[in-house]
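Here the structure comes first, spelled out in structure tokens, and everything after it is commentary.
Worth knowing before you read on, the calculation uses all heavy atoms, side chains too, and leaves out hydrogens, waters and symmetry mates. Residues: numbered from 1 along the sequence shown.
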Amino acid sequence: AELTRQEIERLAIEHTGSTTSGVVTVSIGIASQVAEELDGSCRTLFVAADKALYRAKEKGRNRIEWLDTSFF
């Protein structure tokens, strides 16, 4: 995920409509879960990834954040 973030930033694609950056950047939320603990729907995993994404945005964007669902 970090390599992807860096490569997108390295492309320096102009983003004139952004209020936070003059180039396209990406924030990525990552979540992990032990397979044996899946509830059958993966919902917890998706919710955790979404929380991680918003945490990345809150911390300044153009970054990755990771959450382990075992901490819920």
Side-chain angles (χ1 to χ4, degrees):
E2 178 58 21
L3 291 175
T4 299
R5 188 205 63 76
Q6 289 174 9
E7 285 299 311
I8 290 170
E9 185 177 36
R10 185 187 65 76
L11 292 171
I13 300 168
E14 187 177 358
H15 192 344
T16 58
S18 174
T19 59
T20 58
S21 176
V23 297
V24 172
T25 62
V26 64
S27 296
I28 302 171
I30 302 168
S32 64
Q33 187 170 10
V34 175
E36 291 80 22
E37 295 173 4
L38 285 172
D39 61 6
S41 71
C42 299
R43 179 164 168 65
T44 302
L45 193 57
F46 287 117
V47 169
D50 189 55
K51 286 183 181 185
L53 172 60
Y54 281 92
R55 190 166 79 180
K57 290 180 177 185
E58 289 170 0
K59 289 185 171 185
R61 300 179 180 251
N62 193 27
R63 59 183 296 128
I64 62 167
E65 286 292 324
W66 170 75
L67 286 176
D68 183 335
T69 61
S70 64
F71 296 113
F72 282 80

For the pair Val23 and Ile13, evaluate side chain to side chain contact (heavy atoms under 4.5 Å, CB included) and give the outcome as yes or no after the intermediate values. CA-CA 5 Å; Val23 297; Ile13 300 168; 5.8 Å; no

Closest heavy-atom pair and its distance - [X], [Y]:
{"X": "Ile28", "Y": "Ala56", "result": "O-CB, 4.3 Å"}
{"X": "Leu67", "Y": "Ala48", "result": "CD1-O, 3.3 Å"}
{"X": "Ser27", "Y": "Asn62", "result": "OG-N, 3.1 Å"}
{"X": "Val24", "Y": "His15", "result": "N-CB, 3.8 Å"}

[X] side, atom [atom1]; [Y] side, atom [atom2] - distance, nearest 0.5 Å:
{"X": "Lys59", "Y": "Ile64", "atom1": "NZ", "atom2": "CD1", "answer": "11.5 Å"}
{"X": "Glu58", "Y": "Glu65", "atom1": "CD", "atom2": "CD", "answer": "9.5 Å"}
{"X": "Leu11", "Y": "Gln6", "atom1": "CG", "atom2": "CD", "answer": "12.0 Å"}
{"X": "Arg55", "Y": "Asp50", "atom1": "CZ", "atom2": "CG", "answer": "12.5 Å"}
{"X": "Thr4", "Y": "Glu9", "atom1": "OG1", "atom2": "CD", "answer": "13.0 Å"}

Is any NZ, NE, NH1 or NH2 atom of the basic residue among Arg5 and Glu2 found under 4.0 Å from an Asp or Glu carboxylate oxygen of the other?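 Looking at Arg5 and Glu2, the cut-off is met.
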
Practice prompt. For the pair Glu7 and Arg10, evaluate salt bridge (charged side-chain N to carboxylate O under 4.0 Å, His left out) and give the outcome as yes or no after the intermediate values.
Written response: CA-CA 5 Å; Glu7 285 299 311; Arg10 185 187 65 76; 2.9 Å; yes

(message) Checking the side chain of Arg63 only, and the main-chain atoms of Val26 only, is there a donor and an acceptor separated by less than 3.5 Å?
(response)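 No, the answer is negative, given that no donor and acceptor are paired below the 3.5 Å cut-off.
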
Derivation of the side chain to side chain contact (heavy atoms under 4.5 Å, CB included) call for Gln33 and Thr44
CA-CA 9 Å; Gln33 187 170 10; Thr44 302; 4.2 Å; yes

